[in-house]
Amino acid sequence: MIDIRSLREDPDYLRQALRTRNVAEDVLDEILHLDESLRAELTRLNQLKAERNKVSAEVARMKAAGQNTEVTELLERAREISGLVKEGDAKIRQVEEHLKSRLLHIPNIPHSSVPRGESESDNVVRHTWGNPPTFDFDPLPHWELGPRSEMMDFERAAKLSGARFSILRGLLSTLSRALVNFMLELHVREHAYTEVSLPHLVKRETMLASGQLPKFEEELYNTRPDDLFLIPTAEVPLIAQHSDEILESSRLPLKYVSYTPCYRREAGSYGKDVRGMIRVHQFDKVELVWFTKPEESEAALERLTSDAEEVLRRLELPYRIVELCTADLGFASSRTYDLEVWLPSYGDYKEISSCSNTTDFQARRANIRYRDSNNKPAFVHALNGSGVAVGRALVAIVENFQREDGTIRIPDALIPFVGKEVVG
RNA sequence: GGAGAGAUGGCCGAGAGGUCGAAGGCGCACGCCUGGAGAGCGUGUGACGGGCACAACCCGUCCGUGGGUUCAAAUCCCACUCUCUCCGCCA
């Protein structure tokens with residue numbers, strides 16, 4: 001959630017900044033208008049309440065003094081004011097709700113350095129690592145190579161659950177588990193993250209905190225009859241675990257890593273990545289989340305991104321870093337680096353991690369604070385990034401390290417976790 | 001699913017219609033003491049919103065959430081949510 005005060009104080013800046021994210025300006029105007037009328041009404045009501053409180057105190061004093069006849073008169077006046085207050089309260093509540101619901105639909109403000117853009121084609125490549133492999137045979141896409149050995153099975157997955165699900169069997173399943181362990185070990189032992197095991201089903205308000213709701217409900221799986229949602233990323237519970245808390249300043253930054261499955265409906269992505277396990281309704285991911293002091297979040301984003309990069313380097317996977325332009329930023333993000341891994345089947349780089357600084361946007365929604373140098377509560381900054389998507393990492397290994405006989409070379413860093421040098 | 005108990009400030013915990021934003025303790029901040037630290041002593045210390053220069057100050061709101069009764073609610077009534085204990089079931 002954006003800060004209503006920053007909008008009030010510098011509406012032109014916000015108008016301009018949010019224009020690059022395609023926020024309709026009349027929504028901002030409506031918010032400003034609501035805010036203004038709310039404050040006017042609040043001032044009026046506060047005066048009324050002050051009077052009520054005074055009269056009530058007077059009643060108490062008179063009663064104590066035994067002036068019962070005078071009290072009767074006063075009570076009449078008190079009753080009148082009390083009625084007015086009740087009306088005013090109801091009105092305020094209405095306007096407040098209206099305002100809040102508008103505010104919850106406004107995305108975060110882009111950092112000033114974020115490149116302006118109209119679409120994802122305006123994203124900027126910041127850095128490239130490694131070289132795409134060359135093959136002296138025709139490499140296969142994973143959706144052909146995998147099913148040959150039954151280690152990857154889309155037909156039976158469809159039988160169970162429909163389109164966009166996958167089954168891994170045998171050594172590919174082992175490979176997936178090895179990837180999870182490899183990533184967790186790296187982040188816990190070398191990057192000093194705290195590992196967390198989390199609920200995968202969360203309440204509606206939990207989704208509100210990280211920004212998935214109210215705007216993106218059609219992207220989520222919801223369960224009946226309890227109205228619990230399946231998490232689309234571990235970011236959701238990792239962020240919300242600290243909602244309504246004041247974090248110990250001396251313990252910041254908090255760095256969490258968590259492995260979870262992720263569930264996404266992928267509504268509106270018909271026709272996109274229809275083959276294989278690039279875009280499926282359920283996939284595994286290792287997620288990184290930081291809580292920092294505001295002044296440290298920019299450096300933290302660089303650090304977090306390089307922690308995610310380290311995964312790809314150790315796996316010897318060619319990748320590049322892309323900075324998202326204003327049009328492509330996620331709802332909660334002020335600045336995002338995507339890591340894209342080389343996929344021979346696409347002949348292109350494909351997103352495998354997305355690292356974002358959400359500044360105080362999620363912290364404000366979730367009410368997560370710390371005590372600043374004046375010992376005053378202030379919102380922390382929250383960052384998140386994949387470290388990395390397990391399914392896509394598996395695909396990248398299968399495709400990049402495949403050999404003519406259909407076997408797959410396991411990168412050195414992973415051998416201890418897989419227990420084999422070759423799979424297939 | 002059945003029975004019961006509870007939800008108060010950063011934390012613990014009093015409080016049972018009016019002067020309670022709320023005793024006391026812990027924690028924290030500052031000061032005294034000390035060669036230094038600790039202990040001890042003293043003082044201070046809630047959040048949020050509005051007015052306003054995000055100062056001082058003033059006003060309002062907040063004791064799980066939402067309603068109600070009342071001139072007045074942490075305190076009374078109703079509903080809901082969550083937590084804990086016991087029983088049943090169960091990986």
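Not measured: the values here are computed from a predicted model. Just the heavy atoms: all of them, side chains too, but no hydrogens, waters or symmetry mates, feed the values below. Lettering follows sequence order; numbering is per chain, from 1.
- Between A:Phe291 and A:His242, the ring-plane angle classifies as perpendicular under the 30° and 60° cut-offs.
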Next item on the list: Convert the base pairs of RNA chain B into dot-bracket notation, remembering that pairs crossing earlier ones are written with [ ] and that bases paired across to another strand are shown as |; include only Watson-Crick or G-U pairs under 3.5 Å.
Entry: ((((((((.[[[..)..(.....]]]((((((.......))))))((((((.....)))))).[[[[[..)....]]]]])))))))....
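- For A:Leu42 and B:rC52, the CG to C1' distance is 15 Å, given to the nearest whole Å.
- Applying the 6.0 Å contact sphere to CZ of A:Arg313 captures more than 12 heavy atoms from other residues, nucleotides or ligands.
- Between atom NZ of residue A:Lys159 and atom CD of residue A:Glu155 there is a gap of 9.0 Å, rounded to the nearest 0.5 Å.
- Between A:Phe229 and A:Tyr263, the ring centre distance reaches or exceeds 6.0 Å.
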Item checked: Letter per nucleotide, 5' to 3', of nucleotides 57-76 of chain B [B base touched, S only sugar-phosphate touched, - untouched; heavy atoms, 4.0 Å] -> --SSS-----S-S-BS----
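- In this structure, A:His191 and A:His187 have tilted ring planes: the angle between them lies in the 30° to 60° band.
- Using a 4.0 Å cut-off, no side-chain N or O of A:Arg39 falls inside it from OP1 or OP2 of B:rC52.
- Remark: A:Arg5 is in phosphate contact with B:rG49, judged by side-chain N or O atoms under 4.0 Å from OP1 or OP2.
- Using a 4.0 Å cut-off between charged side-chain N and carboxylate O, A:Asp3 and A:Arg8 make no salt bridge.
- Between A:Glu219 and A:Arg264 there is no salt bridge, since no side-chain nitrogen of the basic residue lies less than 4.0 Å from a carboxylate oxygen of the acidic one.
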I'd like a table of donor-acceptor pairs (distance under 3.5 Å, sequence neighbours excluded) in which one partner is a side-chain atom from residues 387-398 of chain A, with atom names and distances.
unit_1, atom_1, unit_2, atom_2, d
A:Arg392, NE, A:Ile278, O, 3.0
A:Arg392, NH1, A:Glu351, O, 2.7
A:Arg392, NH2, A:Ile278, O, 3.0

